[in-house]
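This is the structure, below, for whatever I ask next.
Labels below follow one simple rule: chain letters A, B, ... track the order of the sequence lines, proteins then strands, and each chain is numbered from 1. Just so it is clear, the structure is predicted and the values come from calculations on it, not from any experiment.
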There are 2 protein chains.
Amino acid sequence: MADVARLAGVSTSTVSRALRQPDIVSPELRTRIDEAIERLAYVPNLMAGGLASARSRTVGIIVPSIMNSFFSETVEALGERLADRGYQLMLGHSGYSTEREEALVASYLAWSPAAIVLTGRHHSKLTLRRLLEAEIPVVEMWELGERPIDMLVGFSHREVGRAVARHFRSRGATRLAFVGAALDRDLRALERGAGFLAEASAGGTDAVTVSLAERPQVATGAQGLARLLDEQPGVDAAFFSNDVMALGALFECRRRGIAVPERLRLCGFGDLDFAAESVPLLTTVRPPRREIGRRIADALLARFEGDASGPAVLDLGFELIERESG
Amino acid sequence: MADVARLAGVSTSTVSRALRQPDIVSPELRTRIDEAIERLAYVPNLMAGGLASARSRTVGIIVPSIMNSFFSETVEALGERLADRGYQLMLGHSGYSTEREEALVASYLAWSPAAIVLTGRHHSKLTLRRLLEAEIPVVEMWELGERPIDMLVGFSHREVGRAVARHFRSRGATRLAFVGAALDRDLRALERGAGFLAEASAGGTDAVTVSLAERPQVATGAQGLARLLDEQPGVDAAFFSNDVMALGALFECRRRGIAVPERLRLCGFGDLDFAAESVPLLTTVRPPRREIGRRIADALLARFEGDASGPAVLDLGFELIERESG
DNA sequence: GTGAAAGCGCTAACAT
DNA sequence: ATGTTAGCGCTTTCAC
């Protein structure tokens with residue numbers, strides 16, 4: 001930067017200003033500075049800037065798993081919008097563990113990030129304390145609830161479960177089941193199941209849960225269907241943890257010659273791209289995957305510019321997509 | 001850090017040493033320092049450290065798409081191993097564009113990263129120059145080839161294509177097809193297709209390409225199958241860009257009553273989890289997704305400790321998984 | 001609108 | 001093995 005200043009015949013403070021708030025520098029100097037930057041191929045040292053200003057154009061984000069397409073679509077949308085404005089994403093995955101989340105938050109904080117984005121509402125005490133002390137924007141996403149740390153962008157998983165139960169009932173199903181995987185860690189799926197069961201029993205419909213310990217994968221869905229058929233042969237409609245599991249169930253039904261939806265109705269969650277192509281087409285719930293990322297980016301960018309007027313809690317809703325399977 | 005030093009009754013240099021190379025500090029002081037750190041809940045400022053040492057414990061990584069499970073599994077494996085050693089991942093996605101890659105590399109470099117990991121071998125001139133000048137470890141991944149920028153960890157996509165063609169031939173197929181999507185951007189898929197066609201013609205077998213402009217998704221696979229049947233009715237074995245497309249083709253076959261593999265053999269790429277569950281089970285090629293991440297982490301960590309003895313090019317191979325579809 | 005000067009919190013010679 | 005000292009490259013008062 002000293003080189004740039006020398007070449008442009010100004011002081012480093014002016015170069016710094018020209019970079020950060022171009023409008024308060026006279027047009028003439030700005031041009032000279034821009035030329036110097038160009039000629040020297042100057043790349044600012046962000047660590048020096050960060051040290052001096054005690055903040056950085058970095059946003060830390062933690063998702064349970066990078067491989068989960070739900071979250072990765074949110075991350076991609078968020079990252080794209082932030083990158084346009086010069087912010088970098090530091091990505092980590094907690095593997096659904098609050099301890100790993102705690103460690104990640106601590107290491108993010110050491111970078112004086114501009115903001116931190118967390119998945120869900122379940123955090124350790126220490127994480128909460130550190131976040132509060134950091135006094136930076138904090139977003140919790142993919143859920144809803146009371147008293148967010150700061151901002152909250154998501155939708156109600158309980159309502160998702162209720163909507164699916166109502167849908168099944170309206171189609172004449174009489175014995176419902178929720179098939180979940182790793183529910184001790186995936187609290188959002190647990191919540192969907194709870195809403196589903198609550199709505200079923202509120203409507204006087206029979207409902208059971210089949211809970212598998214494994215992670216929610218295609219094979220787990222197939223297993224879940226097998227267990228369901230074994231243990232609860234009377235069930236005529238099943239709501240799965242997500243589309244991936246529902247796909248496994250679809251395959252297993254095919255193998256066993258179970259007619260979907262005639263003998264058994266199936267509903268997934270996520271509206272992943274195969275849901276609109278499978279045989280039969282998969283009835284599912286579409287969460288606002290990209291929208292969550294976009295809205296968080298917008299809220300954050302507004303906050304970075306000093307605009308704190310946005311809502312603390314943003315409910316982006318969801319959509320039940322009725323197709324052939326249920 | 002000054003507070004810690006004061007409380008422990010030592011100088012800041014000693015605290016700094018205790019943090020970076022604990023073994024060169026006497027056990028007694030180390031204990032006192034650790035206690036002070038604990039009591040003050042001291043969190044080091046990484047930007048200050050980075051500025052002073054002109055490097056940071058940060059690794060920049062660029063993948064074409066975060067949502068692609070191939071790469072996200074690599075990212076997850078890499079991130080996990082690096083996080084254990086105190087390194088943070090800065091993640092970005094290029095959307096298969098070298099210009100976006102260029103911009104990302106530039107912004108990573110402003111953080112004095114410990115290393116940079118790129119997907120593929122196709123980069124802009126400026127990116128190459130900057131990377132060379134940065135004098136940090138650079139890994140190109142998911143491909144193989146001559147003269148890497150620095151390190152190269154992957155496998156041969158051309159060989160993948162050849163292996164699939166040989167496999168189809170050995171099963172008696174006589175008219176082969178490669179069905180690809182967005183081949184102008186996905187150079188790895190293009191390479192697989194080229195290997196496939198080359199091997200087919202080398203063996204005297206007829207082979208054609210069906211190329212779609214859309215991104216390789218489930219729906220694209222279904223479309224690809226439709227076009228294949230229309231334009232090349234005699235084809236009896238098709239190799240798809242990846243498993244996602246192959247799944248779409250499987251569904252489309254089901255809809256059209258095409259017997260797989262009797263009438264048409266299908267092979268995918270990726271061995272995504274549904275491949276082992278679909279009906280029929282999907283024959284595919286398994287790339288070393290996690291292994292790539294792990295080996296890069298190992299190579300990088302070795303380099304960070306000054307060990308430059310590792311190979312510049314690491315061929316991790318692949319595996320053809322024969323199941324029912326082909 | 002621009003410049004001078006004082007750090008930001010740490011690391012790395014160097015000296016002891 | 002430990003302390004002293006001089007920055008790292010930028011931002012940000014504070015004068016002008």
- Query: Can you give the first and last nucleotides of DNA chain C, 5' to 3', that have an atom under 4.0 Å from a heavy atom of chain A?
  - Reply: C:dG1 to C:dG9
- Message: Could you check whether any side-chain N or O of A:Arg100 sits under 3.5 Å from a backbone N or O of A:His93, counting only pairs where one atom can act as donor and the other as acceptor?
- Response: yes
- Task: Write out all pairs satisfying ring pair (Phe, Tyr, Trp, His ring centres under 6.0 Å) with one or both partners inside residues 4-59 of chain B, taking only residues at least two apart or from two chains.
- Result: none
- Without swapping roles, check the side chain of B:Arg32 against the backbone of B:Ala8 for a donor-acceptor pair under 3.5 Å. yes
- Message: Walk me through whether B:Ser94 and B:Ser97 qualify under side chain to side chain donor-acceptor pair (under 3.5 Å).
- Response: CA-CA 5 Å; B:Ser94 66; B:Ser97 138; over 6 Å; no
- Contact check, residues 22-35 of chain A vs DNA chain D, heavy-atom distance under 4.0 Å, returns none
- Query: Do NZ/NE/NH1/NH2 and the carboxylate oxygens of A:Glu35 and A:Arg39 come within less than 4.0 Å?
  - Reply: no
- Exercise: do A:Thr14 and A:Ser11 side chains pair donor with acceptor under 3.5 Å: yes
- Between which nucleotides of DNA chain D, 5' to 3', does chain A make heavy-atom contacts below 4.0 Å? D:dG9 to D:dT13
- Query: Got a sec? Which of residues 43-54 of chain B come in under 4.0 Å of DNA chain C, heavy atoms?
  - Reply: B:Pro44, B:Asn45, B:Ala48, B:Gly49, B:Ala52, B:Ser53
- Cation over ring, A:Arg289 on A:Phe70, under 6.0 Å and within 45°? no
- Residues A:Glu191 and A:Arg121 bridged, charged N to O under 4.0 Å: no
- Can you name the ring-ring contact (aromatic ring centres under 6.0 Å, His included) partners of A:Tyr108, sequence neighbours left out? none
- Kindly compute the distance separating CD1 (B:Ile33) from CD (B:Glu28), expressed to the nearest 0.5 Å. 10.0 Å
- When we call it a touch if two heavy atoms are under 4.0 Å apart, what does B:Arg17 touch: a base, just sugar-phosphate, or nothing? base
- Please work out which of the three classes, parallel, tilted or perpendicular, describes the rings of A:Phe155 and A:Trp142, given edges at 30° and 60°. perpendicular
- Message: Do the side chains of A:Arg6 and A:Asp3 get close enough for a salt bridge, i.e. N-O under 4.0 angstrom?
- Response: yes
